[in-house]
2 protein chains.
Amino acid sequence: MPGPIQSLSRAAAIMRLLAGGERRLGLSEVATSLDLAKGTAHGILRTLQQEGFVEQDPESGKYQLGAELLRLGQSYLDVHELRARALVWADDLARAGGETVYLGVLHQHGVLIVHHVFRPDDTRQVLEVGSMHPLHSTALGKVLLAYDPVARGELGDAPLEAYTPRTLTSLEDIDAECALIRERGWADAIEETWEGVASIGALIQDRRRNPVGAVCVSGAVERVCEDGFVRPQLVASVRDAARAISRDLGAGRF
Amino acid sequence: MPGPIQSLSRAAAIMRLLAGGERRLGLSEVATSLDLAKGTAHGILRTLQQEGFVEQDPESGKYQLGAELLRLGQSYLDVHELRARALVWADDLARAGGETVYLGVLHQHGVLIVHHVFRPDDTRQVLEVGSMHPLHSTALGKVLLAYDPVARGELGDAPLEAYTPRTLTSLEDIDAECALIRERGWADAIEETWEGVASIGALIQDRRRNPVGAVCVSGAVERVCEDGFVRPQLVASVRDAARAISRDLGAGRF
DNA sequence: CGAACTGTGCGACATTGTCGAACACCCGCC
DNA sequence: GGCGGGTGTTCGACAATGTCGCACAGTTCG
């Protein structure tokens, strides 16, 4: 199999660089960061700008991500079959459980949130569609690790970040946890990524029983847990929702 | 000035094609639609797939947009200065006006919604961030047409679509409307894009007084209008919000 | 005011992307 | 069940393009 098309890979690297923490980058910064000649970086940025993927501030000359990415990102959501089929079930789960609901899919080294139903109350909440959650410390991520070898392969050798004292950081612990998840059919994460937050997740499968994503409820540990364990009613609701979504995707009776 | 990098332009065309109405496309469909050789289309799709911009369904072999677009689209929003500065003002406007608030920027032939505050009530609403609204028939669009020559240039010669019987469809009417908008400083759109919906928009400028976007309130014509005109209190609120956002962007006193 | 940086543009040329052809596989129709 | 017509994938020749060194105008900072 031949390699990738060089200029496309370079363009992708430039866009990922611009997506990083820094708000805007100059041409020279882009070229230096990616070890490209300035003329090369300039040619790629000029074309990305013409296509709307990058914008250049006319005053400072610095580059940033462009609006076409937002538009295509929205189109990705519009045609995402899993998300389309999950919308109603996710709303029901949020209403029944009274907590935030996330729908996620494996993407690179993490879980990409493709749908987010706000907790049904009056508090101010921030939409997280498009953001990445960690694999090893969230209910969504651990469910995918348990059932999807591709996800498990993403962990590699790098040390796992300990977000809280409760985060699992050794592969042995992760694998033991995954065996438990497979045995009981759901994952929990109690203050493993954020202090004070607990969540419960379950796998979504397609009609060939391949893992395609996960759904979870998430909320304050005081509401999601009792006696140190996640509440069984919530577990049941999440699993019901996961099965319903899987059936909608053609996974057949469980 | 040299032309664009061919393979980048082609890749952009492929992604835009996949963003169109059709859910998924086969390799041959992509190649035929864009008048490319199958080997060429395949090479571009393979690289886009490796970079996460495109996904291929393993069963049917068909291609669709990939998750990396959602992630980068979200990053575009994260670093979008106009949006960041407008968030609080937009919330205030929704609360004060009791209606939906949109923040939009010019993008290609339309207005791209970069922020959307739901009407503060219990009804079910659909987030429109990432979607495009028309230029010639929305308050957001008409404000941009009035103040931004680049926007005006996007109308070209193509006939303007009449979404409702009230939509302006001739360039003369559009230009007259824009003169009125410039004179009074705000735009309205009463059932010009959607039956039963009215909206009021105002321009947002940066510190060099360049037009960079627009903000509007939008709702049922029965609430937004009285005696056939948009309610003056709402107009004042929208203009206040637009000025506040512009000041935050360094536009100085008005 | 000068040095050191910036972004932009140009052109030579080496490398790469393009594309015709072939192939294995699949699907639908008879 | 077989056949024809399509699919997606791969390969390699080669023409076209993308790369990059260099020069330049402009800006910034000490």
Side-chain angles (χ1 to χ4, degrees), chain A residues 1-18 20 22-66 79 206-208 210 250, chain B residues 1-18 20 22-66 79 206-208 210 250:
Chain A
M1 175 181 286
I5 291 177
Q6 189 183 55
S7 48
L8 293 186
S9 294
R10 285 175 162 178
I14 290 178
M15 288 189 279
R16 278 197 270 273
L17 186 68
L18 292 173
E22 203 64 32
R23 182 186 286 280
R24 291 171 177 160
L25 293 174
L27 169 77
S28 300
E29 291 171 276
V30 169
T32 302
S33 297
L34 298 177
D35 199 29
L36 297 173
K38 282 201 301 176
T40 304
H42 190 256
I44 294 175
L45 282 166
R46 189 180 59 243
T47 304
L48 288 176
Q49 182 177 13
Q50 284 167 2
E51 300 295 342
F53 290 89
V54 147
E55 290 162 7
Q56 185 183 29
D57 183 68
E59 295 170 37
S60 66
K62 291 185 180 290
Y63 293 90
Q64 65 195 54
L65 291 178
V79 303
D206 67 10
R207 66 185 181 82
R208 286 193 177 185
N210 296 317
Chain B
M1 177 181 282
I5 291 175
Q6 188 183 57
S7 47
L8 293 185
S9 295
R10 283 175 163 177
I14 290 178
M15 287 189 278
R16 280 197 270 272
L17 186 69
L18 292 174
E22 202 62 33
R23 181 186 287 278
R24 292 170 176 160
L25 293 174
L27 170 83
S28 301
E29 290 170 279
V30 169
T32 303
S33 298
L34 298 176
D35 200 30
L36 297 173
K38 286 201 300 176
T40 304
H42 191 259
I44 294 175
L45 281 166
R46 189 180 60 244
T47 305
L48 287 176
Q49 182 178 12
Q50 285 169 0
E51 302 294 344
F53 291 87
V54 147
E55 290 163 4
Q56 184 185 30
D57 182 69
E59 294 170 34
S60 65
K62 289 184 180 295
Y63 293 89
Q64 64 195 54
L65 291 178
V79 303
D206 68 8
R207 66 187 181 82
R208 287 193 175 185
N210 294 317

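Proteins come first, then strands; the chains are lettered A, B, ... in the order of their sequence lines, and each starts at number 1. Just so you know, these numbers come straight off a predicted model, no measurement behind them.
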Asker: What is the nucleic acid contact for A:Gly26, judged by heavy atoms within less than 4.0 Å: base, sugar-phosphate only, or nothing?
Answerer: sugar-phosphate
Asker: Between A:Leu27 and A:Ser7, just flag the one whose closest nucleotide in DNA chain C comes earlier from the 5' side.
Answerer: A:Leu27
Asker: Whether the side chain of A:Lys38 and the base of D:dG21 hold a donor-acceptor pair under 3.5 Å is what I'd like checked.
Answerer: no
Asker: What is the distance, to the nearest angstrom, from the CG atom on B:Leu45 to the P atom on C:dG17?
Answerer: 15 Å
Asker: Identify, between A:Gln56 and A:Leu8, the residue whose nearest nucleotide on DNA chain C lies closer to the 5' end.
Answerer: A:Gln56
Asker: Hey, does A:Tyr63 have a side-chain heavy atom less than 4.5 Å from the side chain of A:Glu29?
Answerer: no
Asker: If I take atom CD1 in residue B:Ile5 and atom C1' in nucleotide C:dT18, what distance separates them, rounded to the nearest angstrom?
Answerer: 16 Å
Asker: Using whole Å, report how far CD of A:Glu59 lies from C1' of C:dT6.
Answerer: 16 Å
Asker: Whole angstrom is fine here: how far is it from CD1 in A:Ile14 over to C1' in D:dT19?
Answerer: 13 Å
Asker: Without swapping roles, check the side chain of A:Gln56 against the backbone of A:Gly61 for a donor-acceptor pair under 3.5 Å.
Answerer: yes
Asker: Given B:Leu48, which partner from the list B:Leu18, B:Val54, B:Leu65 fulfils the side-chain contact (heavy atoms from CB on, under 4.5 Å) test?
Answerer: B:Val54
Asker: Looking only at side-chain N and O atoms, does B:Arg10 come under 4.0 Å of OP1 or OP2 in C:dC19?
Answerer: yes
Asker: Can you check whether A:Leu8's main-chain N or O pairs, donor with acceptor, with B:Thr47's side chain at less than 3.5 Å?
Answerer: no
Asker: So if I take every side-chain heavy atom of B:Ala37 and compare against C:dG20, C:dT16, D:dG21, which nucleotide ends up nearest?
Answerer: C:dG20
Asker: Do A:Met15 and B:Glu51 come within less than 4.5 Å of each other through their side chains, counting heavy atoms only?
Answerer: no
Asker: Please pick, from C:dC19, C:dG17, C:dT8, the nucleotide with the shortest atom-to-atom distance to any side-chain atom of B:Thr40.
Answerer: C:dC19
Asker: Taking atom C1' of C:dG7 as reference, at what distance in whole Å does atom CZ of A:Arg46 sit?
Answerer: 12 Å
Asker: What nucleotide among D:dT17, D:dT19, C:dT8 has an atom nearest to a side-chain atom of A:Tyr63?
Answerer: C:dT8
Asker: Between D:dG18 atom P and B:Ile44 atom CD1, what is the distance in whole Å?
Answerer: 10 Å
Asker: To the nearest angstrom, how far is B:Gln49 atom CD from D:dG8 atom C1'?
Answerer: 12 Å
Asker: Under 4.0 Å: is that the gap between some side-chain N or O of A:Gln6 and OP1 or OP2 of C:dT15?
Answerer: no
Asker: State which of D:dT9, C:dG7, C:dT16 makes the closest approach to the side chain of A:Ser28.
Answerer: C:dG7
Asker: Atom NE2 of A:His42 to atom C1' of C:dT6: distance rounded to whole Å?
Answerer: 11 Å
